[in-house]
Amino acid sequence: MASHPDFVNYVAEQLREAGAIRSRKMFGEYGLYCDDVFFAVICDDQLFVKVTPQGEAAFPHLPKAPPYEGAKDSFLVEDVEDREQMTKLTRITCDALRSTPSKKRRK
């Protein structure tokens, strides 16, 4: 089941204090970017944020689940109404992803 654009727009609006949020349609679902850092996906109208060591330290009790079959676990943000928690998680995740050396693509 594909995610609804209204839900994607709502999540992006909830995250507006974290930075410049944009979404991109990917395979019938959506990828989320904050200040051009890919940090989350929305699948089946659920928000999944990439797991980082810093995110795990700050939010040890957030549930984890794969956003789709065969994917690695991500944080499953069940309460998209909690703007403060989502903003903090987004900032921590994006800071961690920026500081991680990017993988080189195979030729």
Side-chain angles (χ1 to χ4, degrees):
M1 181 172 98
S3 295
H4 295 91
D6 290 342
F7 180 77
V8 175
N9 292 335
Y10 177 73
V11 170
E13 174 63 23
Q14 287 291 88
L15 292 171
R16 72 180 181 271
E17 293 175 19
I21 303 294
R22 68 180 173 90
S23 63
R24 180 175 176 202
K25 194 162 182 118
M26 300 175 155
F27 311 108
E29 298 295 352
Y30 293 85
L32 288 181
Y33 296 79
C34 179
D35 299 328
D36 293 324
V37 175
F38 179 65
F39 75 98
V41 294
I42 294 178
C43 296
D44 295 328
D45 288 334
Q46 294 181 300
L47 175 63
F48 295 89
V49 177
K50 288 185 176 187
V51 174
T52 63
Q54 296 88 333
E56 284 187 296
F59 296 95
H61 301 297
L62 270 182
K64 293 180 194 139
Y68 52 88
E69 191 174 319
K72 290 189 219 177
D73 280 353
S74 296
F75 289 119
L76 172 57
V77 180
E78 297 173 310
D79 185 6
V80 295
E81 301 290 322
D82 189 344
R83 182 180 295 193
E84 186 177 323
Q85 175 181 304
M86 287 184 12
T87 298
K88 183 177 177 184
L89 177 59
T90 299
R91 286 180 179 159
I92 288 170
T93 301
C94 290
D95 287 345
L97 293 172
R98 272 189 212 95
S99 67
T100 303
S102 62
K103 296 178 183 175
K104 292 188 179 186
R105 291 188 176 181
R106 294 183 200 173
K107 291 185 180 181

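None of the values given here were measured: they were computed from a predicted structure.
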Spatial distance of atom CZ (F59) from atom CD (Q85) [nearest 0.5 Å]: 5.0 Å

All pairs passing salt bridge (charged side-chain N to carboxylate O under 4.0 Å, His left out) where residues 53-67 contributes a residue, at least two apart: E56-K64

Distance (rounded to the nearest 0.5 Å) between T52 OG1 and I92 CD1: 7.5 Å

Qualifying residues under side chain to side chain contact (heavy atoms under 4.5 Å, CB included), relative to Y68, sequence neighbours excluded: C43, A71

L32 and L47: CA distance, side-chain angles, deciding distance, side-chain contact (heavy atoms from CB on, under 4.5 Å) verdict: CA-CA 9 Å; L32 288 181; L47 175 63; 3.7 Å; yes

Non-hydrogen atoms of M86 and D79 that approach each other most closely: SD-O, 3.9 Å

Non-hydrogen side-chain atoms of Y10 and E81 separated by less than 4.5 Å: yes

Approximate separation, where rounding is to 0.5 Å, of L89 CG and F39 CZ: 8.5 Å

Hydrophobic cluster (4.5 angstrom, side-chain heavy atoms) - remaining members for F48: M26, F27, Y33, F38, V41, L76

Distance in Å, C94 SG paired with I21 CD1, rounded so as to fall on 0.5 Å steps: 7.0 Å

Partner set under salt bridge (charged side-chain N to carboxylate O under 4.0 Å, His left out) for D82, not counting sequence neighbours: none

Set of residues satisfying side chain to side chain contact (heavy atoms under 4.5 Å, CB included) with respect to E13, sequence neighbours excluded: R16

Nearest-0.5 Å distance, CD of residue Q14 to CG of residue N9: 12.0 Å

Salt bridge (charged side-chain N to carboxylate O under 4.0 Å, His left out) contacts touching residues 17-26 (sequence neighbours left out): R22-D36

Side-chain touch F7/V80, heavy atoms, less than 4.5 angstrom: yes

For D35 against A18, the heavy-atom pair lying closest together: OD2-O, 4.2 Å

Donor-acceptor under 3.5 Å (S3 side chain, D44 main chain): yes

Any L62 side-chain heavy atom under 4.5 Å of V49 side chain: no

NZ-CG distance between K50 and L97, expressed to the nearest 0.5 angstrom: 5.5 Å

